[in-house]
**Student:** 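Sharing a structure with you now.
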Amino acid sequence: MGKQEMPKAYEAAKYEDAIYDTWDKSGFFNPDNLTGEPYAVMMPPPNVTGVLHLGHALENSIMDTMIRFQRMRGKKTLLVPGTDHAALPTQAKVEKMLIQQGMKNPRLELGREGLVEKIREFADQSRSTILNQIKKMGTSCDWSRLAYTFDEKRSAAVNELFSRMYKDGLIYRGYRVVNWSVKGQSTCSDDELVYVERATKLYTMKYSKDFPITIATTRPETKLGDTAVAVHPEDERYKKFIGQTFVVDVGSAKPPSIKIISNDEVDPTFGTGAVGVTPAHSMVDFAMYETQKAKGDPIDIIPVIGGDGLMTPEAGEYAGMSVEDARAKFVAWLGSRGLLEKEEDLVQSVGTSDRFGDVVESIPMTQWWLDVNKSISGRGKSLKDLMREAVTTGLNGVEDKKVTITPDRFTKSYLDRVEHLRDWCLSRQIWWGHRIPVWYKGSEMVVGSQPEGEGWTQDEDTLDTWFSSGSWTFSTLGWPEQTKDLETFHPTSWMQMGYEILYLWLMRMVLMSAYALDQIPFKDVYIHGMVCDENGKKFSKSSGNGIDPIEVIEKYGCDALRMSLLLGVSPGNDTKFFLEKIQSGRNFTNKLWNISRFILSSVDTSSLLPSSPLSPQTLADRWILSRFQSLQREVTDHLEAFEFSQAGEKLRDFTWGEFADWYLEIAKIQNTKSKIQTSAILLYVLERILVLWHPFMPFVTEEIWKQFSVPPLPEGGPGGVGVASPLMIHPWPVPSLNHLDRNAEEIFSSVQEIVVAIRNIRSQYKVSPKTRVSVMVVGEVVEEQIEVIKSLAGVGEMAVVQNAPRGDDYASTVAGGRQVFVSLVGLVDKQKESAKLEAEKEDLEKYIQSLALKLADEEFSAKAPANVIASMKQKQDEAKAKLQAIESQMKV
RNA sequence: GGGCGUUUAGCUCAGUUGGUUAGAGCGUCUCGUUUACACCGAGAAGGUCGGGGGUUCGAGCCCCUCAACGCCCACCA
């Protein structure tokens, strides 16, 4: 007997917090208390910008399912929880809040220390909220190893990395064009740009009347800073001008010299075939500027737009104007001089700042950069090479050091992205984040840590937040110290992330660990899609269409939420989330609860002999054990392949369909007959499906587990099942006996067919469920099956006969290879019956025909594998037998 | 301009290397409160797998092509 009465419905909210607490206290979240092969997963640290959303719930469900699966399989599992200080987003958020509270300019009013303090307060609060939410989600992480990208240890790792890279000449300070958010007053990396389409105008113009080449531009005001015109070297129209310089007067402070240069990348067929080169305000043009410099044929660089978004003094009469005003004025001026040839509408894609939303300006500035192309001393390859190797040949060509991306298609876009990578702009002009570990005194500069003595000032800028998250897999393990954790758990085993940060994060993790440790960060990375709302729109922090996962958990339970996020989803694809999904998840948790409630309250455990082997007595016994064994294999295989959805769906189908609807119903009647064995099998299967379900639905399974208080089950059930140790660390089932029984499965499925057929007839003739009908079956049915059929199909009398009965009072069908007659005196509609049979007959004839055709085909029999032919023949035989039965029935 | 994804039942989606009458959940219809569960049970209806072409003995799955939708990338000057 179950120890306590289990309530009729499972109310998740009553149990979850307490269960989590028990797990946590048990110590098994900590790998130090586990044995086995190490298996580590680093939680992608959520940003401390606010609260967790459904995307995080998805991630936690995936991670935790994986880590629980591995823990139950006997691995020494570590899931490190953490949060990300998310430099720019967090500062932006806090500044916005302060402005909403009435502050005009938080940076000015509070100063660096004051503002950072405010942000820290916010971040700390947000952090603690987030950590609680992670617990609510049931995530089995090791809280003793909690990490934060901005804590002391992680900061130490960041500084160490920066110093090493600087010493290796990979990090440099340089004057280059950056993406500048005027609104945010900071740089952004290329990866943080969000491209949007914008309607604009393409102006075709000349710098002056006597300038020989016409150019086109969407940014006329930047032409004030043009210093060259690039043309294709083979372009006959312009070839002759290459190398010449023209001084033009466009109204800027100093009339610029425009040099005609050649460049292979210029498309002679596009526009006028000539490009106005603005080194200061275009990444591409800046690259040309560098190329020219390298060629020893330099061109000038003239910044005409400043960090404040206004025209600079170099812009002469335009100085101080906004970009828009300057453009209008310049276009008007061109028009008045007859220099404007054309004005066309154009749709253009422009980069906007992911956080501030404004279109970024390209402006040259002195910033800190990470060179991704430079050969690393002593290694003979660049960071880019390392990033490439890691997903193809494996680092240094070692297959073991390869990161496998699932689904595979993302590997291609990763590589594509690596190719396009430019030097990474590391410095940000914000205050919240790791301050660049560089100190200046006069012309002296020291990198690493603050030097002794007076007068040193630290660089004002902070590091791009991805610099710290890139080192996450090893900074969390104590690097740069050579800790035991680092040795044990790195490279980590597995990581999951959304495709939207594939480039942003995956590439940088590979880069950092390849550089610092000559290791990959993890062996496998599983890429999931986004959680969208009903209309397929992404849930986002800003758009407010978010469903709060914590509210869902409180109302429906964490397990229900996890089910709704994990099932019906395919790897790498987006998933829509809506109420009905959670409800069906909740319904299932309740179903499992009630299955357990029934079994635990009806099984007489006292009569079970602890060590007696499991010996299936009935057909149903053999069938369910055989089915269970297949299930166990399938679920394990799917989980190993990160196919969470498929594993879960198979489990659900087995649990709800085969186990509950069939075996349990049969057990009710057979309980009297072979009570002990039935009980043992019920417990055997229940125990094991709870284990299999645990990674998906940790709470409800753990709660049910507590109700288990039975003698040790046969076949390696753990001593005193469920008494002391939590389900969480229960061994994953491995088939210890061969229960596979094809024969039983086959016979049972014919029994199922007969039952369904009779139920069908009852439903068709609206026979009340209370009415016992009489049934005749032609052929052979063993006694045991008769009993099952009788009870499941509401049959009173069941006779097995040699010949079909005669008379008008039978509704009939063919099922399970047998003719089935249901006696329904006075109810049978003879016409309907024969029509039904006729239709069935036609279908079958067609089917048999098509099979026969196929089998007669010489090519088919020559080329198809034997097993396909055999199974086809068998199908044909079955169909023929059925047809025969139907025909003989029609004669009745 | 390039790449990727999606298109399967009314809705949301599975469908693992091509094997022959395509599955689930939700919804719909009919029936049912039998002491595990109405967050339930029984039964049913519902699909020419986006269009076209091809390869193959055999295609939802492979190839080509077209279309729609979505995402990503690019030096769209």
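In the text below, chain A, chain B and the rest are named by the order of the sequence lines, each starting its count at 1. Owing to the predicted nature of the structure, the values given are computational and were not obtained by experimental measurement.
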**Student:** So if I take every side-chain heavy atom of A:Arg652 and compare against B:A24, B:U6, B:C72, which nucleotide ends up nearest?
**Tutor:**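 That would be B:A24.
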**Student:** For atom P, what is the distance between B:U21 and B:U30, given to the nearest Å?
**Tutor:**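 Result for the P pair: 33 Å, nearest Å.
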**Student:** If the plane angle is over 60° it's perpendicular, under 30° parallel, otherwise tilted; pick one for A:Phe588 and A:Trp656.
**Tutor:**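 Aromatic pair A:Phe588/A:Trp656 classed tilted.
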**Student:** Across the strands shown, which category fits A:Gln764 at heavy-atom distances under 4.0 angstrom: base, sugar-phosphate, nothing?
**Tutor:**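 Nothing, no heavy atom under 4.0 Å.
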**Student:** A:Tyr503 near the nucleic acid: base, sugar-phosphate alone, or nothing, with a heavy-atom cut-off under 4.0 Å?
**Tutor:**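 Answer is sugar-phosphate: A:Tyr503 comes under 4.0 Å of backbone atoms only.
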**Student:** I need the CZ-C1' distance between A:Phe598 and B:U34, as an integer number of Å.
**Tutor:**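 Taking atom C1' of B:U34 as the reference, CZ of A:Phe598 is at 12 Å.
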**Student:** What distance, rounded to whole Å, do you find between the two C1' atoms, one in B:G2 and one in B:U17?
**Tutor:**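 Here B:G2 and B:U17 have their C1' atoms 30 Å from each other.
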**Student:** Check if the side chain of A:Glu665 and the base of B:A36 share a donor-acceptor pair of N or O atoms closer than 3.5 Å.
**Tutor:**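 Side chain to base: pair found, below 3.5 Å.
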**Student:** Have a look at A:Phe578 and say if it touches a base, only the backbone sugar-phosphate, or nothing, with a 4.0 Å heavy-atom cut-off.
**Tutor:**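 Sugar-phosphate: the residue A:Phe578, judged by heavy atoms under 4.0 Å, touches backbone atoms but no base.
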**Student:** Please compare A:Ser570 and A:Ser768 by the position of their nearest nucleotide in RNA chain B and report the one closer to 5'.
**Tutor:**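 Final value for this comparison: A:Ser570.
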**Student:** Whole angstroms only, please: what is the CG-C1' distance between A:Leu421 and B:C73?
**Tutor:**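 Rounded to whole Å, this separation is 13 Å.
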**Student:** Tell me whether the rings of A:Phe410 and A:Tyr499 are parallel (<30°), tilted (30 to 60°) or perpendicular (>60°).
**Tutor:**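 A:Phe410 vs A:Tyr499 ring planes: parallel.
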**Student:** Could you tell me whether the phosphate oxygens of B:C11, OP1 or OP2, come under 4.0 Å of any side-chain nitrogen or oxygen in A:Lys576?
**Tutor:**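 Result: no.
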**Student:** Hey, is the side chain of A:Lys854 poking within less than 4.0 Å of OP1 or OP2 on B:G58, counting only N and O atoms?
**Tutor:**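 A:Lys854 to B:G58 OP1/OP2: no side-chain N or O under 4.0 Å.
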**Student:** For B:C62 versus B:U28, give the span between their P atoms, rounded off to a whole number of Å.
**Tutor:**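 Taking atom P in both B:C62 and B:U28, they lie 36 Å apart.
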**Student:** At under 4.0 Å between heavy atoms, what does A:Val277 touch on the DNA or RNA strands: base, sugar-phosphate, or nothing?
**Tutor:**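 The residue A:Val277 makes no contact with any strand.
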**Student:** Check whether any side-chain nitrogen or oxygen of A:Trp656 sits under 4.0 Å from OP1 or OP2 of B:C40, and answer yes or no.
**Tutor:**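 No.
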**Student:** Choose from B:U12, B:G19, B:G58 the nucleotide whose nearest atom is closest to any side-chain atom of A:Lys581.
**Tutor:**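 Shortest atom-to-atom distance from the side chain points to B:U12.
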**Student:** Report which part of the nucleic acid A:Ser584 touches: base, sugar-phosphate, or nothing (heavy-atom distance under 4.0 Å, all strands).
**Tutor:**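 Sugar-phosphate, no base atom in range.
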**Student:** Looking at every strand, decide which applies to A:Arg417 at a 4.0 Å heavy-atom threshold: base, sugar-phosphate, or nothing.
**Tutor:**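 It contacts sugar-phosphate atoms only.
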**Student:** Quantified in whole Å, what is the C1' atom distance between nucleotide B:C26 and nucleotide B:A14?
**Tutor:**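 Their C1' atoms lie roughly 14 Å apart.
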**Student:** Reckon A:Asp267 touches a base, only the sugar-phosphate, or nothing at all at heavy-atom distances under 4.0 Å?
**Tutor:**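 Contact class for A:Asp267: base.
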**Student:** Which is true for A:Met872 with a 4.0 Å heavy-atom rule: it touches a base, it touches only sugar-phosphate, or it touches nothing?
**Tutor:**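 Base contact.
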**Student:** For A:Val266, report the nucleic acid contact type (base, sugar-phosphate, nothing); a contact means any heavy atom under 4.0 Å.
**Tutor:**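 Base, at least one base heavy atom under 4.0 Å.
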**Student:** Please report the distance, rounded to the nearest Å, between CD1 in A:Ile405 and C1' in B:C4.
**Tutor:**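 In whole Å, B:C4 C1' lies 14 Å from A:Ile405 CD1.
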**Student:** Of the non-hydrogen atoms in A:Pro279 and A:Val177, which two are nearest, and what is the gap between them?
**Tutor:**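 Here A:Pro279 and A:Val177 meet closest at O-CG2, 3.2 Å.
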**Student:** Ignoring backbone atoms, test whether A:Ser349 places a side-chain nitrogen or oxygen under 4.0 Å from the OP1 or OP2 oxygen of B:C76.
**Tutor:**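 A:Ser349 to B:C76 OP1/OP2: no side-chain N or O under 4.0 Å.
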**Student:** Distance check: side-chain N/O of A:Arg422 vs OP1/OP2 of B:C75, anything under 4.0 Å?
**Tutor:**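 Yes.
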**Student:** Rounding to a whole Å, what distance do you find between A:Asn594:CG and B:U35:P?
**Tutor:**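 The distance from CG of A:Asn594 to P of B:U35 comes to 14 Å, rounded to the nearest Å.
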**Student:** Nearest to the side chain of A:Lys875 - B:U16, B:A36, B:U20?
**Tutor:**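 Nearest listed nucleotide: B:U20.
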**Student:** Counting heavy atoms from C-beta on, name the nucleotide in B:C73, B:A36, B:U20 closest to the side chain of A:Leu664.
**Tutor:**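 Looking only at heavy atoms from C-beta outward on A:Leu664, the closest nucleotide is B:A36.
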**Student:** Does a side-chain N or O from A:Gln583 land closer than 4.0 Å to OP1 or OP2 of B:C26, or not?
**Tutor:**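 Negative; the distance criterion is not met.
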**Student:** Among the nucleotides B:A14, B:G41, B:C4, which one has an atom lying closest to any side-chain atom of A:Lys591?
**Tutor:**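 Per side-chain heavy atoms of A:Lys591, the pick is B:G41.
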**Student:** Rounded to whole Å, please give me the gap between CG in A:Leu651 and C1' in B:G25.
**Tutor:**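 One finds 16 Å between C1' of B:G25 and CG of A:Leu651, rounded.
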**Student:** When rounded to the nearest Å, what value does the distance between P atoms of B:U12 and B:G70 take?
**Tutor:**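 The same atom, P, in both gives a distance of 15 Å.
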**Student:** Using a 3.5 Å distance criterion without hydrogens, assess whether the side chain of A:Glu649 forms a donor-acceptor pair with backbone atoms of A:Gly568.
**Tutor:**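 Flag set: sc A:Glu649 to bb A:Gly568 pair under 3.5 Å.
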**Student:** In whole angstrom, give me the gap between the P atoms of B:U8 and B:A74.
**Tutor:**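 Rounded to whole Å, the distance is 32 Å.
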**Student:** What do you reckon, are the aromatic ring centroids of A:Phe644 and A:Tyr526 less than 6.0 Å apart?
**Tutor:**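 Centroid separation for A:Phe644 and A:Tyr526: below 6.0 Å.
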**Student:** Any donor-acceptor pair under 3.5 Å joining the side chain of A:Arg409 to the base of B:C4?
**Tutor:**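 Not at all, since no donor on one side and acceptor on the other fall under 3.5 Å apart.
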**Student:** What integer number of Å spans the C1' atoms of B:G3 and B:C39?
**Tutor:**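 So the two C1' atoms sit 46 Å from each other.
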**Student:** Using only heavy-atom distances, decide whether a donor-acceptor pair under 3.5 angstrom links the side-chain of A:Lys8 to the base of B:A38.
**Tutor:**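 Per atom types, no contact qualifies.
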**Student:** Which nucleotide in the set B:G19, B:C73, B:A42 lies at the smallest distance from any side-chain heavy atom of A:Asp416?
**Tutor:**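 Closest nucleotide to the A:Asp416 side chain: B:C73.
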**Student:** Looking at every heavy atom in both A:Asp264 and A:His232, which two are closest together, and how far apart are they?
**Tutor:**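 Closest approach of A:Asp264 to A:His232: O-CD2, 3.3 Å.
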**Student:** Taking atom P of B:G41 as reference, at what distance in whole Å does atom CG of A:Asn760 sit?
**Tutor:**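 Rounding to the nearest Å, CG of A:Asn760 and P of B:G41 are 18 Å apart.
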**Student:** Rounded to whole Å, how long is the line connecting atom CG of A:Asp574 with atom P of B:U6?
**Tutor:**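 After rounding, the reported distance stands at 11 Å.
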**Student:** Quick check for you: among B:G19, B:C71, B:A74, whose closest atom lies nearest to any side-chain atom of A:Tyr195?
**Tutor:**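 Closest of the options to the side chain of A:Tyr195: B:A74.
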**Student:** Does A:Asn263 have a side-chain nitrogen or oxygen under 4.0 Å from the phosphate oxygens OP1 or OP2 of B:C75?
**Tutor:**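 Indeed not, no polar side-chain atom of A:Asn263 lies that close.
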**Student:** Over all strands shown, is A:Thr217 touching base, sugar-phosphate only, or nothing at heavy-atom distances under 4.0 angstrom?
**Tutor:**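 Sugar-phosphate, no base atom in range.
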**Student:** Choosing from B:A42, B:A14, B:U20, which nucleotide comes nearest the side chain of A:Phe860?
**Tutor:**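 Minimum distance to the A:Phe860 side chain belongs to B:U20.
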**Student:** CD of A:Gln849: more than 12 outside heavy atoms within 6.0 angstrom?
**Tutor:**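 Counting other residues, nucleotides and ligands, CD of A:Gln849 stays at 12 neighbours or fewer.
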**Student:** What interatomic distance, in whole Å, is found between P of B:A59 and the corresponding atom of B:C49?
**Tutor:**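 Their P atoms lie roughly 12 Å apart.
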**Student:** What do you reckon, is CD of A:Glu858 surrounded by more than 12 foreign heavy atoms closer than 6.0 Å?
**Tutor:**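 Atom CD in A:Glu858 is not packed in, count stays at 12 or less.
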**Student:** Students often get this wrong, so: under 4.0 angstrom with heavy atoms, is A:Arg586 touching a base, only sugar-phosphate, or nothing?
**Tutor:**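 Since a base atom lies under 4.0 Å of A:Arg586, the category is base.
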**Student:** Given B:C71, B:U6, B:C75, identify the nucleotide with an atom nearest to the side chain of A:Glu265.
**Tutor:**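 Of the options given, the side chain of A:Glu265 lies nearest B:C75.
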**Student:** Return the value, rounded to whole Å, for the distance between atom CG of A:Leu346 and atom P of B:G1.
**Tutor:**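 Checked: the CG to P distance equals 13 Å.
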**Student:** Across all strands shown, which nucleotide pairs with B:C40 by Watson-Crick or G-U wobble geometry, both distances under 3.5 Å?
**Tutor:**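 When the pairing criteria are applied, B:G32 turns out to be the nucleotide that pairs with B:C40.
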**Student:** Flag this pair as yes if the NZ/CZ of A:Lys832 is under 6.0 angstrom from the six-membered ring centre of A:Tyr765 and inside a 45 degree cone about the axis; otherwise no.
**Tutor:**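 Verdict for A:Tyr765: a cation-pi partner in A:Lys832.
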**Student:** Does the B:C76 base have a donor-acceptor partner in the side chain of A:Gln348 within less than 3.5 Å?
**Tutor:**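 There is none.
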**Student:** Looking for any heavy atom pair under 4.0 Å, which part of the strands does A:Ala862 touch: base, sugar-phosphate only, or nothing?
**Tutor:**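 Touches nothing.
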**Student:** Answer yes or no: is there a donor N or O on one side and an acceptor on the other, between the side chain of A:Tyr556 and the main chain of A:Ala12, under 3.5 Å?
**Tutor:**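 No, the answer is negative, given that no donor and acceptor are paired below the 3.5 Å cut-off.
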**Student:** What nucleotide among B:C31, B:U33, B:G25 has an atom nearest to a side-chain atom of A:Lys770?
**Tutor:**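 Looking only at side-chain atoms, A:Lys770 lies closest to B:U33.
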**Student:** With both distances under 3.5 Å as the test, what is the Watson-Crick or G-U wobble partner of B:C71?
**Tutor:**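 Base partner found: B:G3.
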**Student:** What's A:Lys846 touching, base or sugar-phosphate or nothing? Going by heavy atoms closer than 4.0 Å.
**Tutor:**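 Contact class for A:Lys846: none.
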